[in-house]
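A short write-up of the structure that comes next.
Residue numbers start from 1 in every chain, and the chains themselves are labelled A, B, ... in the order their sequence lines are given, proteins ahead of strands. Computed from a predicted model, the values in this text were never measured in an experiment. For the numbers below, each heavy atom of this structure counts, side chains included, while hydrogens, waters and symmetry mates do not.
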There are 2 protein chains.
Amino acid sequence: MALDDTRRGAARMRDVARVAQVSTMTVSRALMDPGKVSPEVRARVAEAVAAVGYVPNKVAGSLSSSRSKVIGLVVPSIENSLFASTIQGISDVLRRHDHQLMIADSGYSAEAEEAAIRAFLEQRVAGLILHDTTHTPDAVSMIRRSGVPVVENGTLTPEPLDMVVSYSNHDASRAMTQHLARLGYQRIAFVSLPASANQRSRDRQRGYKAALEELGHGFDPRLMLEMPPGLASGAEALLRLMEGGGHPDAIFFAGDVLAMGASLECARRGWPVPGKVAIAAFDNFDLLGHLVPPVTTLKLPRLEIGRRSAEVLLDRIQGRSSAAISVDLRFEIIHRGST
Amino acid sequence: MALDDTRRGAARMRDVARVAQVSTMTVSRALMDPGKVSPEVRARVAEAVAAVGYVPNKVAGSLSSSRSKVIGLVVPSIENSLFASTIQGISDVLRRHDHQLMIADSGYSAEAEEAAIRAFLEQRVAGLILHDTTHTPDAVSMIRRSGVPVVENGTLTPEPLDMVVSYSNHDASRAMTQHLARLGYQRIAFVSLPASANQRSRDRQRGYKAALEELGHGFDPRLMLEMPPGLASGAEALLRLMEGGGHPDAIFFAGDVLAMGASLECARRGWPVPGKVAIAAFDNFDLLGHLVPPVTTLKLPRLEIGRRSAEVLLDRIQGRSSAAISVDLRFEIIHRGST
DNA sequence: TTGTAAGCGTTATCAG
DNA sequence: CTGATAACGCTTACAA
């Protein structure tokens, strides 16, 4: 009785095989590589699949073939919308190539990142994408031993684990600082997230200082601030700098939310921008452009970073490349009314 | 030779067993349920694990035990920051309970959602969280047959697949409309995303109309608009309504980005808010509060929805509950300067 | 083109 | 507390 399926639970390949009157191998072939099976049998199998409501078990498949179509991604924070674009880019490409995405959140901690990486390796993911570029020694050795391909994409790190797809935080920060100088600003302040927390902030600070040096501007510690993330934090940074004795004529916020907070605080106080002080930002092209005045910012290839990360990873996984490549994506300065 | 590991590839449990001079079952126990193994053996196993760099293979484990610690989540769009909070909430709870998260993106299409659900079921996830509440018939029957627990959380749907954790889009929209009326506004306009796209927009439209009816305000089609998402779209909606002959004295944007676009457009044109027109929004509590003037909005429990969704799902998976519960989380009206 | 047999690396089960 | 053995559901490798 072909349809006599009294078993509990999901149908297995064996059930399909029985109904289609072929072996499980033939079912497997009909599903994985239909060309290897006669059209007649292919049709019988398709029917049987529908009849029993068969959903292939990829867990068994992965174990048997030691291949997997799951990619693991670790971001510092899922909630931060900056990462959202990159995740979207990754997700788009993976879906097109029939792969799945597992996401974990490190909360900006290398220990949590290690735990996430371990969990992914336990799931035998086919590849990893890591936003951060600093990892615990154990994380590094686990990854090395496992042999899974890895893409890092938070900053263009000089010593990658494997592959990198990013832009240069250092160069972007330097370029914006120089841009402000070219516009005639003399006392350019710089606000970033704490450098201790991550390499991206450090790179941006270095870029700022490099530009000052090239410009012969001399570094004034009263013009450099580290702030926690948040809108309120940006407003506070603005006030601290304006009242701090450094007398900035422009402030470069290496963090989009900080810049937004500062811009809105100026609006609230009726301070003319750039009349009282110019404001420049890092990232978040869209929203900053709609503020009054629209804020000069760096346009970063967030979505593209995600896409390319997924692409180079898949290339490697599918054997189309073997190089430890480093992809430097372009940033752009968007000059607007705030400077 | 205990450390003579000339095999290629990752160490297996068998290798650990050999080094620790026990059977694989003992290794398995020492790892899964240390209490069942003598302290002495436990220590030997721990040593062996470290020595060979063993990373358990959960793929094999899942196949053998037919259990999995992976949860599948389908959201309409990863890039949309609204979902980001919910994802964060889910991720937090899952991590605490040692579970993994797989995410897929449906791009607001039920067919893509079905594909994502199929992929998750193929991976034999332990549970599903779906943001959307409308599904293809095939998706529904696949889920039913598989028996995996499901949480829907986009809106408080009256006919859930299984469990629901959400707030009532209908009630929230109605409450805001009534709030505006209580403030004295007579001609309250309503802008939402296209209702054809999803049930959330439909619920919000219904809520608006229900409030008008209760208030005896009569529905004026010139005061209702559907717009695509985006900042520019909000600005355009504002202009269309102000010039459209409906003469609104307040506009309720059932979409945070739309409201932001409108608010910024008013700032750009120097229109006093609420002098010329009042503005109210749906969601995105934080940023809207920093605009000038700060925008009245609904505060929705995005993060909490994520947390509770994960919690009820885990409760079910771990057998602590069996009910098809429906959790109604609270929203709040935040009254600010824009009204 | 199709089938048979032997794993893949764990855990369930039952015996000691 | 520990171990032997048989699954779990699929794919690889080889044979027909």
How long is the line joining [atom1] of [X] and [atom2] of [N], in whole Å?
X	N	atom1	atom2	answer
A:Asn57	C:dC8	CG	C1'	13 Å
B:Asp33	C:dT13	CG	C1'	16 Å
A:Asp15	D:dC10	CG	C1'	13 Å
A:Arg124	D:dT11	CZ	C1'	18 Å
B:Glu122	D:dC8	CD	C1'	18 Å
A:Gln21	C:dT1	CD	C1'	17 Å
B:Met25	C:dT10	CE	P	12 Å
A:Arg14	D:dC10	CZ	P	9 Å

Mind checking A:Ser66 for me? I need base, sugar-phosphate or nothing, with any heavy atom below 4.0 Å counting as a touch.
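Answer is nothing: A:Ser66 stays at 4.0 Å or more from every strand.
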May I ask you to say what A:Val59 touches in the nucleic acid, namely base, sugar-phosphate or nothing, with a heavy-atom cut-off under 4.0 Å?
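Counting heavy atoms under 4.0 Å across all strands, no contact is made by A:Val59.
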Between A:Glu47 and A:Arg44, does any side-chain N to carboxylate O distance fall below 4.0 Å?
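Salt bridge absent between A:Glu47 and A:Arg44.
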Heavy-atom count around [X] [atom1] within 6.0 Å, excluding the residue itself: above 12?
X	atom1	value
B:Arg308	CZ	no
A:Arg124	CZ	yes
A:Gln318	CD	yes
A:Arg42	CZ	yes

Of all the nucleotides listed ([options]), which has the minimum atom distance to the side chain of [X]?
X	options	result
A:Arg12	C:dG3, C:dT2, D:dG9	D:dG9
A:Met13	D:dA7, D:dT11, C:dT4	D:dT11
B:Arg29	C:dT13, C:dT2, D:dC8	C:dT13
A:Ser28	C:dG3, D:dT11, D:dC1	D:dT11
B:Leu63	C:dT11, C:dT2, D:dC8	D:dC8
A:Arg67	D:dC10, C:dG9, D:dT12	D:dT12
A:Met32	D:dC1, C:dG9, D:dT11	D:dT11

Would one find a side-chain N or O of [X] under 4.0 angstrom from OP1 or OP2 of [N]?
X	N	answer
A:Tyr54	D:dG9	no
A:Thr26	C:dG3	yes
B:Thr24	C:dT10	no
A:Ser23	C:dG3	yes

Is the base of D:dT11 touched by the side chain of A:Ser65 through a donor-acceptor pair closer than 3.5 angstrom?
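Between D:dT11 and A:Ser65, which were checked side chain against base, a qualifying N/O pair under 3.5 Å is absent.
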With DNA chain D as reference, determine whether B:Val22 or A:Lys58 sits nearer its 5' end, using the nearest nucleotide of each.
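Checking each residue's closest nucleotide, the 5'-ward one belongs to B:Val22.
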Determine the interplanar angle of the A:Phe83 and A:Tyr108 rings, folded into 0 to 90°, and report it as parallel if under 30°, tilted if 30 to 60°, perpendicular if over 60°.
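Correct class here is tilted.
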